[in-house]
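One structure is given below, encoded as structure tokens.
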2 protein chains.
Amino acid sequence: MSESSGISLLLVDDHPVVRNGLRGMFESTPGFTVLAEASNGVEAVELAADLTPDVILMDLRMPGGGGLDAITELTRRGIRSKVLVLTTWDTDTDTLPAIEAGATGYLLKDAPQDELFNAVRQAAAGRTVLSPAVASRLVSAVRSPAPSPLAARERQVLELVAKGTSNRDIARELFISEATVKTHLSHVFTKLGVTDRAAAVAKGYEQGILGRD
Amino acid sequence: MSESSGISLLLVDDHPVVRNGLRGMFESTPGFTVLAEASNGVEAVELAADLTPDVILMDLRMPGGGGLDAITELTRRGIRSKVLVLTTWDTDTDTLPAIEAGATGYLLKDAPQDELFNAVRQAAAGRTVLSPAVASRLVSAVRSPAPSPLAARERQVLELVAKGTSNRDIARELFISEATVKTHLSHVFTKLGVTDRAAAVAKGYEQGILGRD
DNA sequence: CGCGGCATCACCCGAATGGCTGATGCCGGG
DNA sequence: CCCGGCATCAGCCATTCGGGTGATGCCGCG
């Protein structure tokens, strides 16, 4: 942390107006210093590597080096600047990936100024800041209602398979014959595009069919 | 929403002192009405079904009907009250399950009053409110840095297994013998407490060893 | 320096798995 | 009314698994 000049910032946005607006806001407020600006992800990574700002305010959608890749790269390089994603609309599907990639927070640009300031401070302190909309998204992703392509019986079988139940025991458990279990499993394999139970379980988790107990 | 009297509340906590404290806070603040209190989950569900408060402030750990079950039951019954989980420490492993069960927000009891008020208003409006600590938890669950008990090689093998690779092909892929693959897998089984590859994959996902590509 | 964890390999064997072919009954949509 | 999806069942058969037992070499920690 650059103690003397408060929280140091790197602004990343392809739109100069936005950068200017942000720079204005932060420069006219004690406790913040704008170290530099970048207009794309690649630049952002370079500057961040050089200047190690406390917080990087980053737009996601940018020409010439997307924000997402930039975040990934930053974390890969072990640069400790906190990334605060600032986006215009949150209709994006990128919110989750961004967070997974290592973003510390996610805010909408229409957030009131003090919320923004506050978020930056929180981020600098390493705390996660999510705008309500994003938090909701994240939460609903956790309880994602993934429609499964599997028939009810097939899902049941798959669940038991995931628990390590053998075909024979699945048969017993569901009061059907082992042959039927095998048939169901074959269908599961076909539908999931795999050839064995282990991969089927993996797909099951990947597609959210399994995993929500 | 009970327009006339602001946001209506149901307080659920096994500790009378806490209930009292909360009641005091909310009754002395315009815009809130405490409809009732409950000291356990079962009571809470009954009262909620009866009174349909706008927001339910609920402790998680309670004797006689845990908060988690209560939340589950509420969502099951389609009761539209928003549940705001209020917990003392957040060391719990319950935060995620609670959210998955349908909690609208998750706050620590040591949150400052206005934050609490604000959270309740947000919750009443259907927005998700997470205290920073919980948000972090949630986020890190998404990119879970779960320390896997598996050795490097073992993890590799498990990953291939999840892709449906046969032992023989795993051997080829890793330039080792099939026997070695089997040995690794045996160890994986032991460490994960399962007996077959399908269950191993399931555990792998469950424990965050697999799933983050 | 010995013990434990990791990584490697071998051989045996019984049981489980997955592919294939084929069949029946039910149900709902076109 | 027929077709397709679901659910049920059967038998055959090659392959794969998983367990057991045992062995070697390397490395790090005490």
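So that the names make sense, note that chain A is the first sequence line, chain B the second, and so on, each numbered from 1.
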Measure from [atom1] on [X] to [atom2] on [N] and round the result to the nearest Å.
{"X": "B:Asp196", "N": "D:dG19", "atom1": "CG", "atom2": "P", "value": "9 Å"}
{"X": "A:Arg153", "N": "C:dC27", "atom1": "CZ", "atom2": "P", "value": "16 Å"}
{"X": "B:Lys182", "N": "D:dT16", "atom1": "NZ", "atom2": "P", "value": "11 Å"}

Item checked: OP1 or OP2 of D:dT8 under 4.0 Å from side-chain N/O of A:His184 -> yes
Margin query: Would you say B:Ser186 places a side-chain N or O within less than 4.0 Å of OP1 or OP2 belonging to D:dG18?
Written below: no
Taking only the side-chain heavy atoms of [X] (C-beta and beyond), determine which of [options] contains the nearest atom.
{"X": "B:Ala151", "options": "C:dC6, D:dG18, C:dA10", "result": "C:dC6"}
{"X": "A:Ala179", "options": "D:dA10, D:dC6, C:dC6", "result": "D:dA10"}
{"X": "B:Thr195", "options": "D:dG19, C:dC9, C:dC6", "result": "D:dG19"}

Remember a base hit wins even if backbone is also touched, and classify [X] as base, sugar-phosphate or nothing at under 4.0 Å, heavy atoms.
{"X": "A:Thr183", "answer": "base"}
{"X": "B:Thr180", "answer": "base"}
{"X": "B:His187", "answer": "nothing"}

Next item on the list: Could you tell me, to 10°, how much the axis swings from one end of the helix from C:dC1-D:dG30 to C:dG30-D:dC1 to the other, five pairs per end?
Entry: 50°
Check: Hey, what do you get for CZ (B:Arg19) to CG (B:Leu10), rounding to the nearest 0.5 Å?
Finding: 10.5 Å
Next item on the list: Could you list by number each residue of residues 160-173 of chain A showing a heavy-atom separation from DNA chain C of less than 4.0 Å, or answer none if no residue does?
Entry: A:Ser166, A:Asn167, A:Arg168
